[in-house]
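What you see below is based on every heavy atom in this structure, not just the backbone, and it leaves out hydrogens, waters and symmetry mates. All of these numbers come straight from a predicted model, not from anything done at the bench.
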Amino acid sequence: MSNHVSLTRKTMRIMLKAYNDFCEPHFRQAAEKGWQGLISRLVEETEEGVKLNAICHGAGLSPDRDGLYSYDVSEQIVSDSFMGVTPLLLAALEMERLP
């Protein structure tokens, strides 16, 4: 799975926030479809508990990072990092707010 999935989680959270604040109710179906896609592809139940997989570990901008796509997709993929868990939890909160 590629690193662009991390961006997808963040984008999903932003889209849900915008939906809850500004959009018409008929967009709910698209929001629910996106949420189900994230959950089905990235969340896994194990004996140890629930895991969030496919998190891009550490992509960002700094003097040693050029911000190019090739850099972002070369970053390590991890599970249960706050960089992925936090946007997913925020998206979950927005899903709870859906009208």
For the side chain of T46 and the backbone of G49, is there at least one donor-acceptor N/O pair under 3.5 Å apart?
yes
If you look at every heavy atom in A31 and M95, which pair is closest and at what distance?
O-SD, 4.1 Å
Not counting sequence neighbours, which residues clear side chain to side chain donor-acceptor pair (under 3.5 Å) with S40? List them please.
none
dist L52:CG -> T86:OG1 (nearest 0.5 Å) comes out at 10.0 Å
Here the gap from W35 atom CH2 to L88 atom CG, rounded to the nearest 0.5 Å, amounts to 4.5 Å
May I have all residue pairs that pass salt bridge (Lys or Arg N to Asp or Glu O under 4.0 Å) and include part of residues 78-90, sequence neighbours excluded?
K51-D80
To the nearest 0.5 angstrom, please state how far the OG atom of S81 sits from the CD1 atom of I55.
5.0 Å
Exactly one candidate in V50, L38, N53 meets side-chain contact (heavy atoms from CB on, under 4.5 Å) with V43; the answer is V50
